[in-house]
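Before any comments, here is the structure.
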Amino acid sequence: MTIESRRLELTRLFEGGRGDGQEAKAAVSAATKPSAQTAVGRRFGDLILAEGLVTQEQFDQALAEQKKTNEKLGEILVRLGLITEEQLVHFLSRQYGIPEVTFPEKIAAEIIKLIPARIACKYGVLPIGRTIGSVTLAVADPTNLSALDDVAFMTGLKVVPAIASPSAIRDAIASYYEAAPATMADVLSEVEATDLELIEGQETSPQVDLNELRSSADQVPVVRLVNSILLDAVRRGASDIHMDPGESSFRVRFRVDGLLHEVMTPPKRVEPAVVSRIKIMSNCDIAERRLPQDGRIKLRQSGREVDFRVSILPSLFGESVTLRLLDKQALRVDMTHLGFEADSLVEFEKAIRSPHGMILITGPTGAGKTTTLYSALHAVNSRDRNILTVEDPVEYDLPGVTQVQVNEEIGRSFAAALRSFMRHDPDVILVGEMRDQETAQIAVRAALTGHLVLSTLHTNSAAQTIARLADMGIPPFLVSSSLRLVVAQRLARKVCQECREPFEVAEESLLQYGHAPLGLKRCTLYKGKGCATCHFTGMKGRTALYEVLPITQEIRSLILDNTFASEIQDVASKQGMKTLREAGLLKVLQGQTTVEEVLRVTSE
């Protein structure tokens, strides 16, 4: 039987609606053997190469990544920024002859009820229409015949698939089912009702029954509670999860768009079990409760891979847990989508394509420096360049890049790794952070000897970076010779697109905040009134504000003269540099954010 005839047999089973589920599943298994998947991959590859959207080199890079992750080829191309989700949907539609779909403004409740939330979340599908005897199903992966089979068997209806982007389906599932909040409430109620007799007294008590602790961590309510917290954080787009123990309290908070929000307060008595469960999931030592520990959790849901970087810190009333979410699909490697103004982007791209020199990205923790650095590496990554990175920790895997994880316990520091790099003939070096004088000195020497060096520093502005390097013991003549570009950045929350409302103000009212007049009389600004999409905050998502300081000949002279940062900034502004405040106010005029948000994340 050919592959096509097997698919026709599957269609007959789906149209019948009912029947032997085992027969359908067996047919699905037969139709999705590796040989069939390989053929599909070749057809998709030939199609996308013929269109010229990716080069053979980029396609080979995606194939190499597929061998590591076993993801769909299309998903990898999107994640690497080689094609957009819309282009992927278009190609899948052409390949399988299945129409693309645009979600209606409102899907009737009786249609949504055809499929329970667990099935929609499991397969990444959503019912969007119904006729007599059939249901139209939005799918991201038309090759997932198990999903079509289960929906057909469950509803007793013929399944008519339509292709939509994975992100659109995820957003629609979150909007219509709102499964995560309900599940969180149910799980929390279950935990509160469960008689969990755990460890009494001080958390630091040495008399701990480890068997009892491990057993309690494996109890179903605790497992469900931890899983629900992780999944809800992903659904809300959180960047961090904080679990903070108090004397008689235990609270869970999410950092969403840069601000912390309390989401739940489980009973204090379940805290040891929850922490132990996270230790088990992240391969930490469940018996160690006196020293800090680090670990990692990998979560895959509906083809979406998210890493959780776990940090456990013993405190006065228990162990504090912080989980940093590293969403590989959320990593933007296309610099045009980061938030650079046009002139600033030109300067940045010019600098990263230089054969040597040092580029520094500055800003506080959580300002998006890693995303900017990885985007720069992606832009210069090619077969004829040897790129080495030293990071603490390695947050994302970059295909074609040699990445080194810092491990101070065995002597693998930033400085030690950099010294070793010089013997590996690198073209581009990324230093996760210049923390000390030795690291800074080696990085500067590398930039002076024919290498392009990218790194980060914690300073408040681009001009202050020069003073910080001097404070670290780098002589001015070395700074002026090696430094090519400095970028200061911040992340500002964006106005929610679902509930934003326009209002007009006079341009003069913005001058007091540092706005450079553009000759406008009235400006249309936006603010969010609050809706379910933004959790009634009026803000959803973030955009980056950039202050780009090219090291021109005049700036080099000022560095050699040990000029104050304020004077360097004045000269740079006259040369066209926009400060963080000015960049933020431009985004206010573009309707992306608010004046209040820009004032919150920038200083005069």
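No experiment lies behind these values; they were computed from the predicted model shown.
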Dump the intermediate steps for salt bridge (charged side-chain N to carboxylate O under 4.0 Å, His left out) on D244 and R251, then the final yes or no. CA-CA 5 Å; D244 305 315; R251 63 177 179 174; 3.8 Å; yes

Evaluate the criterion side chain to side chain donor-acceptor pair (under 3.5 Å) for residue pair D150 and Y123; output intermediate values, then yes/no. CA-CA 10 Å; D150 282 358; Y123 292 120; 2.3 Å; yes

Take E504 and R522 through the salt bridge (charged side-chain N to carboxylate O under 4.0 Å, His left out) test and state the conclusion after the steps. CA-CA 6 Å; E504 287 194 353; R522 303 289 295 177; 3.7 Å; yes

Please report the C-alpha distance between L126 and I112 in whole Å, then the side-chain angles of each, then the deciding distance to 0.1 Å, and finally whether the side chain to side chain contact (heavy atoms under 4.5 Å, CB included) criterion is met. CA-CA 8 Å; L126 187 77; I112 294 296; 4.1 Å; yes

Evaluation steps, salt bridge (charged side-chain N to carboxylate O under 4.0 Å, His left out), between K268 and E271: CA-CA 5 Å; K268 173 68 175 178; E271 174 205 320; 2.5 Å; yes

Please determine whether salt bridge (charged side-chain N to carboxylate O under 4.0 Å, His left out) holds for the pair D232 and R236, giving the CA-CA distance in whole Å, both sets of side-chain angles, and the decisive distance to 0.1 Å. CA-CA 6 Å; D232 193 41; R236 295 195 187 195; 3.2 Å; yes

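Residues K521 and E507 form no side-chain contact, since every pair of their non-hydrogen atoms from C-beta on lies 4.5 Å or further apart. I229 has its side chain within reach of V252: a pair of non-hydrogen atoms, C-beta onward, lies under 4.5 Å apart. Within the 4.5 Å cutoff, the side chain of K279 has heavy atoms near those of the I312 side chain. Between R324 and D240, some side-chain heavy-atom pair lies under the 4.5 Å cut-off. Between M243 and V274 the shortest side-chain heavy-atom distance falls below 4.5 Å. The closest side-chain heavy-atom distance from L259 to R600 is below 4.5 Å. Side-chain atoms of V226 and M281, non-hydrogen and from C-beta on, do get closer than 4.5 Å to each other. You'll find the side chain of Y513 reaches within 4.5 Å of the side chain of V595, heavy atoms only.
Between the side chain of E597 and the backbone N or O of R493 there is at least one donor-acceptor pair closer than 3.5 Å. Side chain of H458 to backbone of G363: a donor-acceptor contact under 3.5 angstrom is found. With hydrogens and angles ignored, the 3.5 Å screen pairs a side-chain donor or acceptor of K369 with a backbone N or O of P364. No donor-acceptor distance shorter than 3.5 angstrom exists from the side chain of E547 to the backbone of L545, with no hydrogens or angles considered. Looking at T533, its side chain never comes within 3.5 Å of a backbone N or O of E498 through a donor-acceptor pair. A donor-acceptor pair under 3.5 Å is absent between the side-chain atoms of E100 and the main chain of S93, judged by distance alone. Of the possible donor and acceptor atoms, none in the side chain of E347 sits under 3.5 Å from a partner among the backbone N and O of S344.
The side-chain contact (heavy atoms from CB on, under 4.5 Å) test with T593 singles out one residue from L585, V588, L586, and that residue is V588. F308 pairs with exactly one of L323, T322, I278 by the side-chain contact (heavy atoms from CB on, under 4.5 Å) rule, that one being L323. Under the side-chain contact (heavy atoms from CB on, under 4.5 Å) rule, L157 has a single partner from V135, T136, T131, which is V135.
The number of heavy atoms from other shown groups lying within 6.0 Å of CG (D294) is above 12. By the neighbour-count criterion of 12 heavy atoms within 6.0 Å, atom NZ of K540 is densely surrounded, having more than that number from other residues, nucleotides or ligands. No more than 12 heavy-atom neighbours from other residues, nucleotides or ligands sit within 6.0 angstrom of CD on E508. Within a 6.0 Å sphere centred on CZ of R435, heavy atoms belonging to other residues, nucleotides or ligands number more than 12.
Scanning all heavy atoms of the two residues, the minimum distance from S455 to V431 falls at OG-O, 2.9 Å. Closest of all the heavy-atom pairs between I115 and A120 is CG2-N, 3.9 Å. Contact between L92 and A140 at its shortest, heavy atoms only, is CD1-O, 3.8 Å. Of all non-hydrogen atoms in G368 and L491, the two that sit nearest each other are N-CD1, 3.9 Å. What you find for Q489 and A367 is that their closest heavy atoms are NE2-O, 2.8 Å. Taking each heavy atom of D257 and G541 in turn, the nearest pair found is OD2-N, 2.9 Å.
Expressed to the nearest 0.5 Å, how far NE2 of H90 lies from OG of S165 amounts to 15.0 Å. With rounding to the nearest 0.5 Å, the separation of CG in L377 from CD1 in I352 is 8.5 Å. For the atom pair CG (L230) and CD1 (I297), the distance works out to 5.5 Å, reported to the nearest 0.5 Å. To the nearest 0.5 Å, the span separating CG on L549 from CD1 on I568 amounts to 8.0 Å. Rounded to the nearest 0.5 Å, atoms CG (L485) and CD (E349) are 11.5 Å apart.
A side-chain donor-acceptor contact under 3.5 Å links T459 and T465. Judged purely by distance below 3.5 Å, without hydrogens or angles, the side chains of T372 and Y546 pair a donor atom with an acceptor atom. E85 and S167 share a side-chain donor-acceptor pair at under 3.5 Å.
Between K113 and E110 there is no salt bridge, since no side-chain nitrogen of the basic residue lies less than 4.0 Å from a carboxylate oxygen of the acidic one. Of the charged side-chain nitrogens involved, none lies within less than 4.0 Å of a carboxylate oxygen, so that K587 and E582 do not count as a salt-bridged pair.
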